[in-house]
Amino acid sequence: PSVGRANTVSARAGVEQIWTPTHDLTIKGKLEYDRTALAISSNFVVNNSVLSTIASPQVDDKVKGAVAVQKTFGRMFAGVSFEAAATGYHAFQTSTGWVAQSYRNSRVETATVRIGGWVTPAIYAFGEASGNARDYTNSNYASKGYRAIAGLGSDRISLFRGEIYAGFQQQFYQNYTLGTASSPVLGGQVYWYPTRWITLRAAVDQTFTDSNLPTVGNPGGYPSKVTAARLSAVFKPSKDFTATWRGSYEHATYLSTTRRDDGWRTGVEAAYQITSNVELLGAYEFSKVFSTDPFGGYTRNSVSLGMKYRY
């Protein structure tokens, strides 16, 4: 059995509300459900200490909600937000039997505070602190952590806007093998608007991931620290049609193991709005991952078709 080729169905439904009771106060709320199914990773997994071939797509259900409040005070601004997500994984089939994934079921909460002010008419300075709690059915994956950054940004300088920042992050894992993971944070994002139809974006960030599937190079399914660089271009020649290109590079360092991954991804997406409520979607993505794990690398081609309905 193999899942080298598979047809899957994914779905998303949600509601979002933006409320501006005064010109200097904005409140946002969002609730979303995602059901994701895809042929995963390298097609190999360790099942009961045996290297096995994955024979069915992995399916997960996620419910997430977020609330954010932003207030301006003259040249100063402040914002607070809270996000919560609960994810449940379905069992999948392998060459050595079914693999239960309930141990990876998780609940993640993140709270963020952001404060800043305009230092010139075009540039603002900001500081941001966030804390997270990650709880799993298997407590070995549970952790708590924080991230603190400071930086500079601009809403618009000529045809550009964006932010650059630096800081520090730590994640405290309940599993003594993982202990405490610490890392500096360097990142930012820049938008360029060369014409009114085209938007280009470049972004770099560093984060800690949640748990992973057990593999030969990462038998404990431990999380990783990921440094990601992303590029995208959005072309919107009319109000009804949008085309997007995306490309990214990710370097993953798995905690308490020697596994290292380098992943490259690129893809295109087209969206056509046939009515004020209905939008047709089509996308293609190519992924290539090189890994020090002999069974961790893979190549994936993905084609998706969909429809979005807004009410």
Side-chain angles (χ1 to χ4, degrees), residues 10 12 14-18 20 23 26 28-30 32 34 64 66 68 70 72 77 79 81 83 112 114 116 118-126 128 149 151-166 185-207 226-251 263-288 301-311:
S10 299
R12 173 180 295 172
V15 60
E16 184 175 3
Q17 179 67 41
I18 300 176
T20 308
H23 73 280
T26 301
K28 298 179 181 180
K30 185 176 183 179
E32 190 172 88
D34 281 309
K64 53 185 177 182
Q70 182 168 320
T72 59
F77 57 84
S81 65
E83 299 179 7
T112 304
R114 181 182 174 99
W118 292 90
V119 293
T120 75
I123 297 175
Y124 61 85
F126 70 92
E128 182 178 291
I149 60 173
L152 298 173
S154 176
D155 271 347
R156 183 64 67 92
I157 297 180
S158 183
L159 300 176
F160 296 87
R161 72 177 179 90
E163 293 182 343
I164 55 172
Y165 53 82
V185 178
L186 295 172
Q189 57 182 342
V190 176
Y191 293 85
W192 179 36
Y193 305 91
T195 74
R196 62 179 178 177
W197 306 289
I198 298 175
T199 301
L200 303 179
R201 177 179 182 263
V204 178
D205 200 9
Q206 296 173 309
T207 58
V226 175
T227 300
R230 296 182 173 87
L231 293 172
S232 66
V234 179
F235 177 60
K236 191 174 179 62
S238 70
K239 66 176 184 178
D240 298 326
F241 178 78
T242 304
T244 304
W245 168 83
R246 294 183 179 90
S248 66
Y249 165 75
E250 294 183 356
H251 176 74
W264 299 86
R265 293 177 177 81
T266 187
V268 292
E269 178 180 321
Y272 181 72
Q273 192 164 338
I274 57 177
T275 73
S276 59
N277 303 102
V278 179
E279 191 173 30
L280 298 180
L281 306 172
Y284 166 77
E285 183 182 77
F286 171 80
S287 305
K288 179 71 175 179
N301 292 274
S302 173
V303 177
S304 63
L305 299 173
M307 182 181 73
K308 181 187 292 184
Y309 176 78
R310 293 187 180 94
Y311 60 91

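Residue indices begin at 1 and follow the sequence shown.
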Peer 1: Is it true that E269 and R246 have a side-chain N and a carboxylate O under 4.0 angstrom from each other?
Peer 2: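 A salt bridge links E269 with R246.
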Peer 1: Please lay out, stage by stage, how W118 and D155 fare under the test side chain to side chain contact (heavy atoms under 4.5 Å, CB included).
Peer 2: CA-CA 10 Å; W118 292 90; D155 271 347; 3.8 Å; yes
Peer 1: Determine whether Q17 and V15 make a side-chain contact, defined as any pair of heavy atoms from C-beta on separated by less than 4.5 Å.
Peer 2: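 No. Closest side-chain heavy atoms not under 4.5 Å.
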Peer 1: Calculate, to the nearest 0.5 Å, the distance between atoms OG and CD belonging to S232 and Q189 respectively.
Peer 2: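 One finds 10.0 Å between OG of S232 and CD of Q189.
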Peer 1: Quick one, L186 and V204 - any side-chain contact, counting heavy atoms below 4.5 Å?
Peer 2: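 Heavy-atom side-chain distance check fails, nothing below 4.5 Å.
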Peer 1: Parallel, tilted or perpendicular: which fits the ring planes of Y249 and W264, with parallel below 30° and perpendicular above 60°?
Peer 2: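 Taking W264 first and then Y249, their aromatic rings sit tilted (interplane angle of 30° to 60°).
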Peer 1: Report the distance from atom CG of L159 to atom OH of Y193, rounding to the nearest 0.5 Å.
Peer 2: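 Interatomic distance, L159 CG to Y193 OH, rounded to 0.5 Å: 10.0 Å.
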Peer 1: Side-chain contact test, heavy atoms from C-beta onward, threshold under 4.5 Å: evaluate it for R265 versus E250 and give yes or no.
Peer 2: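 They are in side-chain contact.
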Peer 1: Is the shortest side-chain heavy-atom distance between R12 and E32 below 4.5 Å?
Peer 2: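 Yes; the side chains approach each other to less than 4.5 Å.
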Peer 1: Over all heavy atoms of both residues, which pair between P237 and F241 is shortest? Give the atoms and the distance, please.
Peer 2: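 Closest approach of P237 to F241, heavy atoms only: CD-O, 3.7 Å.
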Peer 1: Quick one, T207 and V185 - any side-chain contact, counting heavy atoms below 4.5 Å?
Peer 2: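 In short, these two side chains do not touch, never coming nearer than 4.5 Å.
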Peer 1: Roughly how far, to the nearest 0.5 Å, is the CD atom of Q273 from the OG1 atom of T242?
Peer 2: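 Those atoms lie 8.5 Å apart.
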Peer 1: Heavy-atom count around K236 NZ within 6.0 Å, excluding the residue itself: above 12?
Peer 2: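 Count over threshold, so yes.
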Peer 1: Going by side-chain hydrogen bond (donor to acceptor under 3.5 Å, both in side chains), Y191 matches just one of E163, R201, R161, R156. Which one?
Peer 2: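 Answer after filtering E163, R201, R161, R156: R201.
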Peer 1: Just to verify, what does E83 make a salt bridge (charged side-chain N to carboxylate O under 4.0 Å, His left out) with, not counting sequence neighbours?
Peer 2: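 Residues passing salt bridge (charged side-chain N to carboxylate O under 4.0 Å, His left out) with E83: none at all.
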Peer 1: First locate atom CZ of R310, then atom CD of E279, and finally report the distance between them rounded to the nearest 0.5 Å.
Peer 2: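 So the gap between those two atoms works out to 5.0 Å.
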Peer 1: To the nearest 0.5 angstrom, please state how far the OG1 atom of T266 sits from the NZ atom of K288.
Peer 2: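 Interatomic distance, T266 OG1 to K288 NZ, rounded to 0.5 Å: 15.0 Å.
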Peer 1: Say you draw a straight line from OG1 of T244 to CZ of F235; how long is it, rounded to the nearest 0.5 Å?
Peer 2: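 Reported value, rounded in 0.5 Å steps: 11.0 Å.
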Peer 1: Of all the heavy-atom pairs spanning S154 and A122, show the shortest one and how long it is.
Peer 2: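 Smallest heavy-atom distance, with atoms named: OG-O, 2.7 Å.
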